[in-house]
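Read through the structure below, which is laid out as structure tokens, and then see the notes.
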Amino acid sequence: MSLCYLNGRYLPLGEASVSPMDRGFLFGDGAYEVIPVYSRRAFRLAEHVARLGNTLAALRLPDPHTADEWATIIREVIDRNPWDDQSVYLQVTRGADDKRNQAFPKVIRPTVFLMSEALVTPPDEQREAGVACVSAADFRWLRCDLKTVALLANCLLRQQAVDQGCMETILFRDGFLTEGAASNIFMVKNGVLLTPPKSHLMLPGITYDVVLEVAAHHRLPCEVREILEDEVRDADELWMTSSTKEVLPITTLDGRPVGTGRPGPVGRQMHVWYQDFKNTVMRSG
Ligand code: PDD
């Protein structure tokens with residue numbers, strides 16, 4: 001069984017428990033991060049800890065740890081689990097109160113929980129075939145830039161894809177692309193890579209940043225701008241990106257082929273660059 005961290009203790013996951021009065025359980029009142037680990041090195045740790053800090057600040061929840069303390073806890077969790085490549089899950093909630101009350105407790109004792117799983121990235125066959133996606137109206141709240149554990153809307157939207165045998169749900173708000181239910185979305189048109197700009201309406205993905213950096217490094221033409229739903233439906237290539245999916249080509253949207261219906265050349269190239277970056281920069285630190 002994997003080893004987890006709960007409020008200062010390292011223990012088997014099955015032995016960890018929190019109060020049913022925890023505000024994470026009652027209200028979804030907390031922040032989280034998912035940090036990929038390659039060859040036992042946490043990838044872009046400073047950026048993940050900074051994003052956590054931004055979410056906590058917006059939730060008015062004091063960060064219970066300094067960046068150094070987070071690094072130590074994350075290091076321990078990685079070391080105490082068996083896999084070289086891991087996906088570390090980190091969650092901070094506003095803790096338990098003695099009664100259910102939407103307003104914050106007078107004294108806040110946050111609950112800090114980390115666990116880890118083997119990092120399983122998409123298998124080659126899936127990457128070579130591409131994945132099917134559906135689309136839906138983005139009915140989430142207006143602070144999708146915050147990585148909060150209140151993910152019910154994301155769960156409902158993602159399940160729409162699963163119900164139709166698909167991988168992800170691509171979200172449109174007022175006729176514009178926002179992101180996926182659990183990923184960011186990129187498209188390619190006439191050799192140009194396009195993705196929406198960061199805003200309150202999408203999560204600022206760490207993988208999104210890496211893809212844009214890698215693209216800039218290799219001088220791939222890029223446009224970060226608002227993208228109309230019609231443009232997405234007319235894309236030559238579509239990709240989803242996240243810490244666990246990396247860069248995954250989407251080959252059908254709502255049952256219709258994307259471009260040729262096969263993963264495109266720009267996505268193939270990005271996969272090679274991304275793996276190269278991962279194996280040099282990420283694995284070697
Ligand atoms: N999800 N947008 C949403 C809504 C997400 O949930 C995620 C990641 C991303 C991509 O962010 P990043 O590149 O930092 O992983 C974008 C994680 C993996 C999850 O909730 O499991």
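Starting from 1, each residue takes its place in the sequence as its number. When a ligand or atom number is given, it counts from 1 through the structure's own listing order.
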Please tabulate, one line per pair, the protein N or O atoms found under 3.5 Å from any N or O atom of ligand 1, giving the distance to one decimal.
residue  : atom   : partner : partner atom : Å
ligand 1 : 1 (N)  : Lys147  : NZ           : 3.4
ligand 1 : 2 (N)  : Glu179  : OE1          : 2.6
ligand 1 : 13 (O) : Ile206  : N            : 3.4
ligand 1 : 13 (O) : Thr207  : N            : 3.0
ligand 1 : 13 (O) : Thr207  : OG1          : 2.6
ligand 1 : 14 (O) : Arg51   : NH1          : 2.9
ligand 1 : 14 (O) : Arg51   : NH2          : 3.1
ligand 1 : 14 (O) : Ile206  : N            : 2.9
ligand 1 : 15 (O) : Ser243  : N            : 2.8
ligand 1 : 15 (O) : Ser243  : OG           : 2.7
ligand 1 : 20 (O) : Tyr32   : OH           : 2.7

query: Do you know which of Asp97, Asp98, Asp29 makes salt bridge (charged side-chain N to carboxylate O under 4.0 Å, His left out) with Arg23?
result: Asp29

- request: Using side chain to side chain contact (heavy atoms under 4.5 Å, CB included) as the criterion, list what pairs up with Ser243, not counting sequence neighbours.
  value: Pro36, His48, Thr207

task: Can you measure from CZ (Phe176) to CD (Glu229) and round to the nearest 0.5 angstrom?
output: 10.5 Å

task: Go through the steps for Met240 and Glu179 under the test side chain to side chain contact (heavy atoms under 4.5 Å, CB included), then give the verdict.
output: CA-CA 9 Å; Met240 56 186 283; Glu179 58 178 341; over 6 Å; no

- prompt: Taking the six-membered ring for Trp, is the centroid-to-centroid distance between Phe113 and Tyr5 below 6.0 Å?
  reply: no

query: For the residue pair Trp273 and His218, does the interplanar ring angle fall in the parallel (under 30°), tilted (30 to 60°) or perpendicular (over 60°) class?
result: parallel

